[in-house]
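A quick note: this is a predicted structure, and the numbers were derived from the prediction, not measured.
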Amino acid sequence: MTRTPGQTALEYVNCLRDGDFPRLVTLHGENLVCSLLGNSRVSGRYRGRDAFFAHTFKYVLGALAETDEVYLKDYRVGCANDRYAALLLHGGLPTRAGGRYNQNYLQIFRVVDGKIREIHELLDSVMLETQIFGKTLAIPRSALQEPLRPTSVFTAPRPPMTMTEASRVEEVFALAFKAADWPGSAAVLHPDAVLQVAGSTPASGIVRGRAAITSHLARHIDEHFVAGSLSVDPGTWLVCADETGFCRMATVRAQLKSGREYHQTLGMCGSYCGDSIGEMHLYFDTASEEEQVFGNPLSGGSSETADEPFSIDADYKGN
């Protein structure tokens, strides 16, 4: 029997947990397309399974120390349907250079006939650049006091939902988000909602409670963006959704108060609680965010990226 996307995501997790990378590779189709966020040596869009894994194994796994420690520390399947699965992961190992690579991911798999045919991978690009490729931020950042966690930290009871009920919640959120109505988007959150923001930027971390989340986002927007300039590109994409949650990708643009143009790719994975959203994980290119918003660029060495840039477009969408 052919694996569903959700089952394939769990098999992928099993391979990571067991350190079985040969088996992990075979879960992917030979004509794999992988988009990896950022502007690092392994970022961009890759076509072909073997070429992609040869490149990433060389530059990422090759930078990690040999140890008996298991890389995978935590995971959760955020949502899945008959074509896609969204997987939240946290992994970490010491590096050969003496540092520590602690990475959080949002990985989106397009599965056809039990094989992963396409991946969109969003991660903390600052962590990748500094710990794997030896770059440094002009303004060093400290690790978050409370590390991000794929497993839920939202503690309120979650009543069971039907797909119809879940779809209504996501639709209300999506309409507000597409209109760049940030107060309207926050209004869909549960009073005890939890927001987990990737990276170690001043806007990153875990924020608890709808009021605190609303204040956190409003303060960040008011401080850095020209009023009314934030907009969501028409290409926002509902990747997948089920009775427990949803995953959406989008690109946003704005005018910064510094005078620069702002462009960012977002990956959002939310989970429901009744007629609201209980928890939201937000991923973006943290290196780009540091440079654009906080004037904090990376320095040290050059990058050799893929020929094609990262894209939220899905080559296999509708097939």
Side-chain angles (χ1 to χ4, degrees), residues 4-21 24 27 34 36-38 60 64 69-81 84-93 100-111 116 119-128 131-132 143-156 158 166 170 189-190 192-201 203-208 213 239-249 265-273 277-286:
T4 66
Q7 291 168 338
T8 301
L10 289 175
E11 183 64 19
Y12 179 93
V13 165
N14 290 336
C15 292
L16 281 179
R17 184 186 58 206
D18 298 339
D20 189 349
F21 292 104
L24 183 145
L27 296 178
C34 179
L36 195 150
L37 191 64
V60 180
L64 301 178
E69 182 182 340
V70 176
Y71 180 74
L72 182 66
K73 301 298 189 290
D74 196 5
Y75 74 91
R76 176 162 64 92
V77 177
C79 58
N81 61 13
Y84 289 91
L87 184 62
L88 294 160
L89 294 167
H90 172 66
L93 284 177
R100 179 83 191 181
Y101 186 57
N102 288 316
Q103 186 60 273
N104 290 284
Y105 308 85
L106 170 58
Q107 292 188 328
I108 297 165
F109 296 145
R110 168 72 162 117
V111 179
I116 299 169
I119 303 171
H120 288 86
E121 182 171 309
L122 297 94
L123 44 63
D124 180 0
S125 49
V126 168
M127 175 64 65
L128 180 67
Q131 296 302 312
I132 298 298
L144 299 175
Q145 290 186 342
E146 182 179 6
L148 305 184
R149 290 172 49 190
T151 48
S152 180
V153 298
F154 176 72
T155 57
R158 298 177 191 251
E170 203 285 326
L189 298 176
H190 187 276
D192 298 321
V194 178
L195 174 66
Q196 298 201 43
V197 183
S200 56
T201 76
S204 301
I206 298 179
V207 186
R208 288 178 167 82
I213 293 169
V239 179
C240 59
D242 56 22
E243 295 88 344
T244 63
F246 68 92
C247 179
R248 181 174 286 276
M249 294 185 70
T265 300
L266 301 179
M268 298 165 283
C269 193
S271 58
Y272 304 120
C273 180
I277 296 171
E279 189 162 23
M280 182 79 79
H281 296 255
L282 182 60
Y283 280 80
F284 48 88
D285 181 353
T286 55

Can you tell me how far apart CD1 (I277) and CE (M280) are? Round to the nearest 0.5 Å.
4.0 Å
Output, in order, the C-alpha distance, side-chain angles, deciding distance and verdict of side-chain contact (heavy atoms from CB on, under 4.5 Å) for F154 and C273.
CA-CA 10 Å; F154 176 72; C273 180; 3.7 Å; yes
Pair R158-T244, side-chain donor/acceptor within less than 3.5 Å:
no
side-chain contact (heavy atoms from CB on, under 4.5 Å), paired with C247, selected from L87, V239, D242:
V239
Could you tell me whether Y84 and F109 have their ring centroids closer than 6.0 angstrom?
no
Considering only heavy atoms from C-beta outward, does the side chain of V194 approach that of V207 to under 4.5 Å?
no
In terms of heavy-atom contacts, Q7 and T4 come closest through OE1-N, 2.9 Å
Interatomic distance, Q107 atom CD to I116 atom CD1 [nearest 0.5 angstrom]:
8.5 Å
Beyond-backbone contact of F284 with L122, side-chain heavy atoms, under 4.5 angstrom:
no
Please tell me if the side chains of F21 and C15 come closer than 4.5 Å, counting only heavy atoms from C-beta onward.
no
Check whether any side-chain N or O of T286 sits under 3.5 Å from a backbone N or O of S125 as a donor-acceptor pair, and report yes or no.
yes
So which heavy atom on C79 is nearest to which on G245, and how close?
CB-O, 3.5 Å
Below 4.5 Å, heavy atoms only, C-beta onward: do L27 and E11 meet side chain to side chain?
yes
What pair of heavy atoms forms the shortest contact from A86 to C240, and how long is it?
N-SG, 4.0 Å
Between G78 and C269 the two heavy atoms that sit nearest each other are CA-SG, 3.8 Å
Electrostatic pair R208-E146, nearest N-O below 4.0 angstrom:
yes
In terms of ring plane angle, is the pair Y71 and Y101 parallel, tilted or perpendicular, where the classes change at 30° and 60°?
parallel
By side chain to side chain contact (heavy atoms under 4.5 Å, CB included), which residues pair with E69, not counting sequence neighbours?
T67, K73, L93, P94, R100
Do D192 and T155 make a side-chain contact, defined as non-hydrogen atoms from C-beta onward lying under 4.5 Å apart?
no
How would you list, by chain and number, every residue that makes a side chain to side chain donor-acceptor pair (under 3.5 Å) with D20, sequence neighbours excluded?
none
Checking D74 now: which residues fulfil side chain to side chain contact (heavy atoms under 4.5 Å, CB included) with it, not counting sequence neighbours?
H90, R149, P150, T151
Looking only at heavy atoms, which two atoms of L128 and L123 are closest? And how far apart?
CD2-CD1, 4.3 Å
Tell me, do Y283 and D124 make a side-chain contact under 4.5 Å, heavy atoms counted?
no
